[in-house]
Amino acid sequence: MKPLAGIRIADFTVHNAGPFCTHLLSQLGAEVIKVESAMRPDAFRKPHPVYGRMGPATFDQVASTKLSVRINLKKPEGVALAKRLVAVSDVAAESFRPGVIGRLGLGFEDLQAVKQDIIMLCVSSSGQSGPDRHFAGYAPLFGAWGGLGEMTGYADGPPVEMRHVMDHTVGMNSAVAVMAALQRRRLTGQGGLVDVSAREVASSLLGEALLMAAAGEEPHRIGNEHLSHAPHGVYPAQGEDRWVAIAVTSDAEWQALAALIDESGLAGDPRFLKAADRHANRAALEPVLSAWTASRTADDISELLQGVGVAAHASWTTPEIAADPHLRTRGAICEVQEPDGKHRAAVGVPMRLSKGPEIGIHRGTPKLGEDEDYVYGELLGLGRDERTALEDAEVIY
Amino acid sequence: MPTSPLTSLRPLDSLRIVVIARGVAAAYAARLLGTMGAEVVLVEPPQGSPLRRQPPFLANQVSALFAYLAAGFRSQVAELDTAHGRATLGALLSQADILIDDTPLAERKPLGLDEASVAQSHPDLVHVSVLPFGAHGPKAEWKGEDVQIQHASGEGYLLPNGLAVEMFPDRAPLKVHGHFGAMQGGIAAALGALSALWARPDVGGQFVDIASQDATLAVGAFAIQRLGDGSIEHRVERSFRYGGVIPCADGYVELLTLEQRQWEGLVKLLGEPAWALDPALADSLERSRQGPMINGNIRAWAAVRKVEDIVREGQALSVPLAKYYTPAEVVRDPHEKVRGLFQPVDTGAGVFDMLVSPFQFDGAALELRSGPPALGEYNA
């Protein structure tokens, strides 16, 4: 069975981080009811010129497997309708700037008044408290504030901006926190407020560097290198813009790699025998390894090195990932169907459960308001006339 | 250790976890659950987990990585290749709710750590396997450090963007700092553990198979979505048309204006120069086309200004801007001080501020129980 079957989430999240959280939970079996309106449709229903998308998306990863209803939260009747939805939900999730949801009349205390044990998830750029709580932000800003951008990059280059992996990491952390809050509610009956700060998620990914800084050190970005392993990096492979990632983590692995390179004296070269020496002399080692990798394909090198116990993998392009038998066997890549019947690759939930093989995406992007018969009719018991009146009043809109 | 009122309300207070961790992913999963209240026992060989020997190092070769990952853990030494060691582990597991293990697949059966053996001995246990490429599939036995995980998952090939790829277009693509990929595996493992725990009253224990590759791919899902839209992303084309990493006189800022009003705020911030007032640039598509010209002007403007001034004035105009903070600046950040992101802990090499958790419950920061454990301090 899907493990979260029976959990219902009223989903007011927007952009990417919050929706990815509820997307993960929906794939695990939660019933996620996505709240939108024609006035403020989700970003994927609109063009996105910054990314070169000139019309609505035909499939949206983070909206798949969700149900869709329309509620106009600008109207008091819309807020009242949202509260009715929350009253039959276990979790309410939102990702507006701190303060906005409260001004709408849907803050934590408002929701507690209609559902005493509600769990409310608030995702924001800097958290619900602190002097910067009002800051607007996107993934690259979270990475910049959190220190992850500064620590990523070539040692002699500038910091690097984080992209949507940053948003989605926030979403996955949020899903963990929501599940913990549900666990507490199961044992104590207590709901609660979950506050996830995106910049703090970024910081949490460099906790060791922050600890070094707290101890007075000055950590700096090091590209693909490692602080003690060598060789460790991304090396040119045969073909244009093709690369392979190789990491040697022990002297024995170095001997295995050196035997494959088979260059006179390499395996016995005292500069490279011991880990500390290899690291100190890595500038001399890199050209030797690069010369060997450059005449072979990245996948061939990976097979060869993995065969002798050395970590290696091609730096894969997106089409290679979408076609990979390993990822498809695991359900990490799955096929979904678009409304016109076309199939395309999508990303599944990142786990396999021995007693939950059904997890994953089971429907594509919902149309705006597609599930109102079920949500308004069955769940909330609204009659046809009542719904029509709310539609005419642009509350269901 | 005394229990504070807050500690008694942590969401996972009653949970017991056993973790066997050579790598970051398994340890990070346990850390996430531990900071929310679970009791975590790290089972280590007599020489200690390999994580204790991973850089960076504080004084006296104390691993900052281990200190961060294992804060709040207890440590139990058990030689799992001996009957006594396996009995020690078995006793711990009989009291536990969750086992998190990253032992390579080939070594599991002799140690009694394979899926079937654990399920037979502990049918109500949630057994979470965390490996670079998972426990199932043609690459299940493959080794993977973070540089492999990230480059096998798509994001590696797509980095860097913006200024860095402009400056170094011919260099190898780049991983994100540190253990980004393994930590994604850890976060997914924590989610898998709690999901399986939720289902336990109905189905009993089960096996949760986590691959750091899958988890890193999941957070990079939009590249696959774009592929389905007919577009293959590349690190050069993926750069923002304007904005991004902007060099200033004394550091870098990140600038990203996605909405019209943000662009209008940026024009004001720049002092409304003639080029920015060109009516054609009121259109977002035209701005996209003229991105290099716009960025050239933004960079020339920023190069002679200080980061703090740009950020302060930009935030007042609601222009999304952020300073690229160094780790030291994050640790000293007044915002994080108010939120209690850091807590002083004894690392074994001194008492230093350590990041606790990126989320809070009920308006209060979580608390770490302690710093990292001494080897075997929990031994019976």
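Residue numbers begin at 1 in each chain, while the letters A, B, ... track the order of the sequences. Because only heavy atoms are used, hydrogens play no part in the values below, and waters and symmetry mates are left out as well, while side chains stay in.
Heavy atoms closer than 4.5 Å to chain A are found nowhere in B:Arg287, neither backbone nor side chain. Using a 4.5 Å cut-off between heavy atoms, B:Asp146 does not touch chain A at all. Contact annotation for A:Met1: only side-chain heavy atoms (C-beta onward) come within less than 4.5 Å of a heavy atom of chain B. At a 4.5 Å heavy-atom cutoff, the contact between B:Thr347 and chain A is made by side-chain atoms alone. Looking at B:Glu155, the atoms closer than 4.5 Å to chain A (heavy atoms on both sides) all sit in the side chain, from C-beta outward. In this structure, no portion of A:Thr188 lies under 4.5 Å from any heavy atom of chain B. For B:Phe222, the parts lying near chain A are the backbone and the side chain together; criterion is any non-hydrogen pair under 4.5 Å. With a 4.5 Å cut-off on non-hydrogen atoms, B:Ala193 does not touch chain A at all. For chain A, the nearby parts of B:Leu191 are the backbone and the side chain; heavy atoms of each come within less than 4.5 Å. With a 4.5 angstrom heavy-atom cutoff, B:Phe180 touches chain A only via side-chain atoms. Contact of B:Val219 with chain A is made through backbone and side chain together, with heavy-atom distances under 4.5 Å. Contact annotation for B:His234: only side-chain heavy atoms (C-beta onward) come within less than 4.5 Å of a heavy atom of chain A. Using a 4.5 Å cut-off between heavy atoms, B:Leu197 touches chain A through backbone and side chain atoms alike. Only the side chain of A:Leu187 has a heavy atom closer than 4.5 Å to any heavy atom of chain B. Of the atoms belonging to B:Leu217, heavy atoms from both backbone and side chain fall under 4.5 Å from chain A. Contacts between B:Gln150 and chain A at a heavy-atom distance below 4.5 Å are absent for every atom of the residue. Heavy atoms closer than 4.5 Å to chain B are found in both the backbone and the side chain of A:Tyr154. In this structure, chain A has heavy atoms under 4.5 Å from both the backbone and the side chain of B:Ile210.
Of the residues considered (A:Pro3, A:Ala214, A:Ser315), A:Ser315 shows the highest number of contacts with chain B, using heavy-atom pairs under 4.5 Å. Contact tally against chain B (heavy-atom pairs below 4.5 Å) for A:Ala136, A:Ser197, A:Gly143, A:Gly348: the top residue is A:Ser197.
The pair A:Arg184-B:Asp13 does not meet the salt-bridge criterion, since no charged nitrogen lies less than 4.0 angstrom from a carboxylate oxygen.
Between B:Phe133 and A:His313, the distance from one ring center to the other falls under 6.0 angstrom.
You'll find the side chain of B:Val147 reaches within 4.5 Å of the side chain of A:His232, heavy atoms only. Within the 4.5 Å cutoff, no side-chain heavy atoms of B:Glu329 are placed close to those of A:Glu150. A heavy-atom distance below 4.5 Å is not found between the side chains of B:Asn161 and A:Val160. Taking 4.5 Å as the limit, every side-chain heavy atom of A:Leu210 sits out of range of all side-chain heavy atoms of B:Tyr68. Using a 4.5 Å heavy-atom threshold, the side chains of A:Glu200 and B:Arg339 count as touching.
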For this session: Evaluate the criterion side-chain contact (heavy atoms from CB on, under 4.5 Å) for residue pair A:Glu218 and B:Thr326; output intermediate values, then yes/no.
Result: CA-CA 8 Å; A:Glu218 293 182 4; B:Thr326 64; over 6 Å; no

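With sequence neighbours excluded, the residues satisfying side chain to side chain donor-acceptor pair (under 3.5 Å) with A:Thr317 are A:Glu320.
Applying the salt bridge (Lys or Arg N to Asp or Glu O under 4.0 Å) test to residues at least two apart or on different chains, the pairs with a partner in residues 209-219 of chain B are A:Arg330-B:Asp209, A:Arg330-B:Asp214, A:Arg352-B:Asp209.
Tested against B:Pro358 for a side chain to side chain contact (heavy atoms under 4.5 Å, CB included), the candidates A:Val170, A:Val176, A:Leu205, A:Val201 yield a single pass: A:Val201.
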